[in-house]
Amino acid sequence: ATLFETLDEETWERLEEALIMADVGARTTAKVVAQLEMDAESGDLEGGEALTRRLTELLADLARPGEGHIDLRPEPTVIMVAGVNGTGKTTTIGKLAWHLHRELGRTVVLGAADTYRAAAVEQLTEWAARAGCEIVTGPPGSDPGSVAFEAVRQGRERGADVIIVDTAGRLHTQDDLMAELAKVRRVIAKQLPDAPHETLLTVDATTGQNGLRQAQLFSETVPVDGIVLTKLDGTAKGGIALAIAGELGIPVKLIGIGEALEDLRPFDADDFASALLA
Amino acid sequence: SLSEKLQATLADVRAHGTLTEDDIAKAMREIRLALLEADVNFKVVKSFTATVKERCLGADVVGALNPGQQVVKIVNEELAALMGGASMGLTFSPRPPTVVLMAGLQGSGKTTATAKLARWLKAEHGSSVALAACDVYRPAAVDQLRTVGAQVGADVYEQGTDRDPVDIARWALDQAKMAGKDVLIVDTSGRLHVDEKLMAELVDIRRAVKPTNVLLVVDAMTGQDAVNVAEQFSQAVDFDGVIMSKLDGDARGGAALSVKAVTGKPILFASVGEKLDQFERFHPDRMAQRILG
Ligand SMILES: Nc1nc2c(ncn2[C@@H]2O[C@H](COP(=O)(O)OP(=O)(O)OP(=O)(O)O)[C@@H](O)[C@H]2O)c(=O)[nH]1
Ligand SMILES: Nc1nc2c(ncn2[C@@H]2O[C@H](COP(=O)(O)OP(=O)(O)OP(=O)(O)O)[C@@H](O)[C@H]2O)c(=O)[nH]1
Ligand SMILES: [Mg+2]
Ligand SMILES: [Mg+2]
């Protein structure tokens with residue numbers, strides 16, 4: 001059965017409900033529904049199957065605003081990971097390092113630039129061991145910028161292909177911490193002019209409308225090249241990623257689907273769109 | 001804010017005399033949008049606006065001099081009723097140690113809340129508190145608890161990561177009894193409400209230490225899924241109360257309303273920052289205002 005057995009008022013309401021319950025948000029939902037209504041009225045969509053397919057297309061297109069891949073051509077490629085507390089930065093870095101090293105044969109060096117949170121360095125150190133890569137750390141409470149600087153410097157010295165810098169969780173509403181993030185980026189750029197080549201923002205798939213605020217403010221502080229949508233193995237659909245893509249043009253590049261080393265996948269807009277409606 | 005929008009929407013009613021069906025529909029739409037924007041669950045919003053609409057059809061609104069103000073008053077009253085009364089804090093067992101079991105999704109703030117609650121209990125009640133490190137899965141979780149436990153002066157009972165969390169919990173309870181602790185707080189690993197194995201483990205931990213308080217830690221930025229999570233945790237392990245974390249951000253926190261409305265469980269505490277002293281009793285009235293925006 002499709003969402004559109006008949007094209008009546010109730011159908012549009014059920015569609016709205018499905019998207020809102022997936023955290024797509026009222027504004028993006030209205031935009032999508034309006035577009036689909038227009039397509040339906042234009043007459044070239046016959047019946048439930050065609051409408052569902054068109055809707056899935058609309059959602060997938062919205063979810064693909066830009067380049068969805070991480071460019072690994074720069075040598076070395078420096079990736080910085082940022083995001084709100086607990087969204088999955090450290091774990092994602094462990095998974096990404098494993099994928100780059102074990103599946104793509106690249107040498108990876110990690111930078112433990114979360115010098116603040118209890119046992120953050122220990123946590124990333126264990127991930128480095130699991131992923132089979134080196135890690136650069138600093139003394140506890142040291143300046144995150146200096147650890148990031150050292151990670152890039154040592155990574156280059158050792159001829160690493162990829163350097164991934166972990167940062168402390170922070171709320172987009174904490175001006176001093178956002179300033180610190182901008183500083184970490186500047187320090188990395190001092191060591192290597194085009195770096196970081198990729199800045200990823202982790203967004204928890206269970207996040208509601210605040211996710212849009214997060215993406216907005218983080219991207220005003222540092223250029224955000226892509227989103228890692230984490231914890232998609234739960235029941236949340238991560239619809240906020242659609243709002244982020246639609247309103248800010250930031251693409252989801254990776255998805256987290258579990259807590260193990262292999263639980264990272266490239267983002268597939270079609271799969272994502274179908275899952276939103278499931 | 002919602003009250004401003006409602007006042008604006010119904011401002012010209014005074015001009016043409018009586019509140020029409022259309023006026024009420026407009027007002028309900030404003031309420032619905034505001035609550036959805038605040039991440040209140042879709043179904044909770046539906047039943048909430050139905051309740052408010054019912055009251056709006058009453059004479060006190062229809063015939064009011066300032067219907068906008070009346071509608072705002074009704075929304076505030078109904079929201080306050082849903083959010084419940086002031087937090088009663090923790091329930092203490094007549095036979096110490098009082099056991100508190102922390103549960104929740106990955107990254108919601110459990111480990112931090114464990115230390116914060118310990119510090120709060122020492123400060124507010126003079127309790128001697130110990131912590132049990134039952135997260136054997138997350139890398140360096142035990143190190144994390146050991147560190148924050150030391151920061152608040154609470155003993156941490158740990159057995160590394162090779163033992164079953166249920167056995168560690170049981171052992172920790174014995175340690176707490178022998179040491180004459182007032183409270184034992186058990187930290188557990190983040191888990192999905194749909195992970196059968198881990199939910200069964202949580203039930204086993206609960207059975208082993210018979211907590212007086214099972215607390216579900218919920219991230220304030222949680223969206224529509226909050227209801228699924230709360231319902232499943234409630235069915236599986238039946239929690240007693242909620243700790244809402246990361247309330248120092250600007251998430252409106254509609255999940256608080258959804259969880260309370262759907263499970264009836266009270267929100268007991270609010271974590272309002274990363275520091276261990278940023279923890280307080282939950283204030284439902286403040287939350288209601290925040291959700292209304
Ligand atoms: N189920 C699931 N859990 C995840 C996923 N990604 C991360 N986690 C879990 O989420 C929790 C938090 O992950 P971290 O990597 O510590 O998050 P973080 O952003 O580095 O946290 P802070 O550094 O404290 O801000 C851990 O328990 C992880 O195992 C995912 O894709 N699925
Ligand atoms: N800003 C802010 N950060 C918080 C708050 N509570 C916890 N955190 C941060 O959120 C992140 C996750 O906290 P944890 O205590 O590790 O969360 P957890 O639920 O134990 O995570 P898992 O064990 O992996 O499931 C850490 O960076 C904490 O410092 C809060 O109230 N405000
Ligand atoms: Mg981290
Ligand atoms: Mg924890």
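All figures in this text were calculated on a predicted structure; none of them were measured in a lab.
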- Message: Does any backbone or side-chain atom of B:Leu36 lie under 4.5 Å from a heavy atom of chain A? Answer side chain, backbone, both or neither.
- Response: both
- Over all atoms of both residues, closest heavy-atom pair of B:Gln224 and A:Met21: CB-O, 3.3 Å
- Distance from B:Gln106 atom CD to A:Glu259 atom CD, nearest 0.5 Å? 4.0 Å
- Message: Given heavy-atom pairs under 4.5 angstrom as the criterion, report whether the side chain, backbone, both or neither of B:Leu145 touches chain A.
- Response: neither
- Message: Between A:Glu16 and B:Arg32 (salt bridge meaning N to carboxylate O under 4.0 Å), is one present in this structure?
- Response: yes
- For chain A, the option from B:Gln232, B:Glu37, B:Gln144 that forms the most heavy-atom pairs under 4.5 Å: B:Gln144
- Task: Taking atom CZ of B:Arg163 as the centre, report whether more than 12 heavy atoms of other residues, nucleotides or ligands fall under 6.0 Å from it.
- Result: yes
- Query: Rounded to the nearest 0.5 Å, what separation is found between the OG1 atom of A:Thr173 and the CG atom of B:Asp248?
  - Reply: 6.5 Å
- Which of these passes side chain to side chain contact (heavy atoms under 4.5 Å, CB included) with A:Thr206: B:Asp219, B:Val229, B:Asp225? B:Asp225
- Minimum heavy-atom separation for A:Arg117 to B:Glu274, with atom names? CG-OE2, 4.2 Å
- Option in B:Ala38, B:Gly109, B:Pro139 with maximal non-hydrogen atom pairs under 4.5 Å from chain A: B:Pro139
- Between atom NE2 of B:His193 and atom OG1 of A:Thr235, what is the distance when rounded to the nearest 0.5 Å? 3.0 Å
- Note on the structure: dist B:Arg138:CZ -> A:Glu126:CD (nearest 0.5 Å) comes out at 11.0 Å
- Message: To the nearest 0.5 Å, what is the distance between OG1 on A:Thr207 and CG on B:Asp39?
- Response: 9.0 Å
- Nearest heavy-atom neighbours spanning B:Asp143 and A:Ala119: CB-CB, 3.8 Å
- Which heavy atom in A:Ala118 sits nearest to a heavy atom in B:Val148, and how many Å separate them? CB-CG1, 3.9 Å
- Item | Inter-residue atom distance B:Asp250.CG - A:Leu171.CG, 0.5 Å rounding | 8.0 Å
- B:Asn228 portion near chain A, given a 4.5 angstrom heavy-atom threshold: side chain
